[in-house]
Amino acid sequence: RGKRAFIAGIADDNGYGWAIAKSLAAAGAEILIGTWVPALNIFETSLRRGKFDESRVLPDGSLMEITKVYPLDAVYDCPEDVPEDVKANKRYSGSSKWTVKEVAETVKQDFGTIDILVHSLANGPEVSKPLLETSRNGYLAAISASSYSFVSLLKHFLPIMNPGGATISLTYIASEKIIPGYGGGMSSAKAALESDTKVLAFEAGRKHNIRVNTISAGPLRSRAAKAIGFIDMMIDYSLENAPLQKELTADEVGNAAAFLASPLASAITGAVVYVDNGLNAMGVGV
Ligand code: NAI
């Protein structure tokens with residue numbers, strides 16, 4: 001039987017989530033997607049109208065099939081957590097069952113089990129502010145959307161994951177080295193995500209034989225990264241200073257994710273895997 005993957009955090013064809021979905025599809029996996037509720041409409045419309053068809057092409061010439069797109073807001077675990085103003089918001093009231101618990105339940109009803117869980121989402125409302133100017137609410141929102149969202153997804157999906165399965169998230173080196181500009185508590189959120197990768201690898205490994213890894217990816221001109229505002233500078237910096245002087249493609253991260261999700265990586269868990277042209281290994285810029 002082919003593997004079934006749920007990828008949370010795809011709303012266009014530019015980000016890492018899309019590339020990971022493609023690599024998994026090319027390896028024969030069935031693709032389920034979780035899309036942020038406010039972005040759902042435009043994503044589904046674009047899909048339907050064929051706007052992504054060019055980027056759906058797999059190495060064998062066929063098109064990636066997306067079996068189902070689920071609305072998801074990973075900052076809410078269950079309906080009781082959703083504030084009234086969000087419930088009433090037009091972009092939310094048009095969809096239903098988009099809290100983490102409900103999405104896991106719906107996937108279970110639809111398909112029974114999954115094998116691969118991918119977390120490719122982050123949000124930091126104050127990302128452009130230095131940490132010293134970040135509010136408590138901004139900091140906690142970054143952690144909620146970018147770190148606890150993974151804990152929650154794993155918690156709710158674990159019971160429907162087949163033993164031997166794998167989970168992957170995306171992190172950034174700003175967790176461990178100073179990257180001015182990656183503010184709003186996003187550096188803190190990535191540090192939490194990496195630490196949690198280890199603890200969750202233990203808990204999910206012992207309990208369910210599920211692996212938990214995170215990919216520390218180099219800079220990519222995604223929608224989220226453009227919102228931070230310094231992405232072109234980071235790409236230029238990497239081109240100049242990394243051991244491999246080429247622009248990083250999303251596909252390279254997608255392929256590493258497909259490897260980590262596959263039996264080829266059956267002994268790898270609790271790891272931060274760098275897919276960044278080697279930039280993390282440099283001590284000085286040259
Ligand atoms: P992206 O914009 O393609 O993906 C982020 C996704 O998160 C979007 O689809 C957005 O709708 C979704 N999202 C935001 N809040 C959400 C919520 N509450 N519930 C559900 N979905 C939500 O951008 P990108 O850059 O591909 O991001 C994917 C992951 O890669 C993130 O974890 C990011 O931090 C990480 N990353 C990105 C790097 C880059 O240079 N682009 C570098 C290293 C890591």
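Order of appearance sets the numbers: ligands from 1, and atoms from 1 within every ligand.
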Can you name the atoms of ligand 1, numbered from 1 with element, that are less than 4.0 Å from a heavy atom of [X]?
X      : answer
Pro219 : 40 (O)
Ala224 : 1 (P), 2 (O), 23 (O)
Gly15  : 3 (O), 26 (O)
Thr171 : 43 (C), 44 (C)
Ala217 : 42 (C), 43 (C)
Leu72  : 19 (N), 20 (C)
Leu170 : 29 (C), 30 (O), 32 (O), 35 (C)
Gly9   : 4 (O), 6 (C), 9 (O)

(message) Quick check for you: to the nearest 0.5 Å, what is the distance between Ile42 atom CD1 and Leu47 atom CG?
(response)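 One finds 11.5 Å between CD1 of Ile42 and CG of Leu47.
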For ligand 1, is [X] a contact, meaning one of its heavy atoms is under 4.0 Å away?
X      : answer
Gly218 : yes
Asn14  : no
Ile231 : yes
Lys190 : yes

Any donor-acceptor N or O pair under 3.5 Å, side chains [X], [Y]:
X      : Y      : value
Ser135 : Asn137 : no
His119 : Ser149 : yes
Thr171 : Ser216 : no
Thr99  : Glu102 : yes
Glu194 : Ser175 : yes

Of the backbone atoms (N, CA, C, O) and the side-chain heavy atoms from C-beta on, which set of [X] has a member under 4.0 Å from an atom of ligand 1: side chain, backbone, both, or neither?
X      : answer
Ala122 : both
Thr35  : neither
Asp73  : both

(request) Before giving the answer on side chain to side chain donor-acceptor pair (under 3.5 Å), spell out for Ser222 and Asn14 the whole-Å C-alpha distance, their side-chain angles and the decisive distance to 0.1 Å. (result) CA-CA 5 Å; Ser222 65; Asn14 293 318; over 6 Å; no
(request) Determine, considering heavy atoms only, which of Ala8, Ala74, Ser120 sits nearest to atom 4 (O) of ligand 1. (result) Ser120
To check your reading of the model: name the closest protein heavy atom to [atom], its residue, and the distance in Å.
atom                    : result
atom 24 (P) of ligand 1 : Ser222 OG, 3.3 Å
atom 40 (O) of ligand 1 : Leu220 N, 2.8 Å
atom 12 (C) of ligand 1 : Leu121 CB, 3.9 Å
atom 21 (N) of ligand 1 : Trp36 CB, 3.5 Å
atom 26 (O) of ligand 1 : Tyr16 N, 2.8 Å

(message) Please confirm whether the ring centroid of Tyr92 lies under 6.0 Å from the ring centroid of Trp98.
(response)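 Yes, the ring of Tyr92 comes within the 6.0 Å limit of the ring of Trp98, centre to centre.
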(message) Is there a ring pair (Phe, Tyr, Trp, His ring centres under 6.0 Å) between Phe52 and Trp18? Walk through the geometry before answering.
(response) CA-CA 10 Å; Phe52 301 138; Trp18 178 270; 5.4 Å; yes
(message) Can you tell me if Lys97 has over 12 outside heavy atoms packed within less than 6.0 Å of its NZ?
(response) no
(request) Would you please classify the geometry between the Tyr70 ring and the Phe111 ring as parallel, tilted or perpendicular, with 30° and 60° separating the classes? (result)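 Answer is perpendicular, since the angle exceeds 60°.
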(request) Could you please spell out the steps behind the side chain to side chain contact (heavy atoms under 4.5 Å, CB included) verdict for Met233 and Tyr237? (result) CA-CA 6 Å; Met233 198 186 91; Tyr237 182 88; 5.8 Å; no
(message) Ignoring hydrogens, what is the shortest heavy-atom contact between Glu252 and Lys246? Give both atom names and the distance.
(response)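 For Glu252 and Lys246, the tightest heavy-atom pair comes out as OE2-NZ, 2.6 Å.
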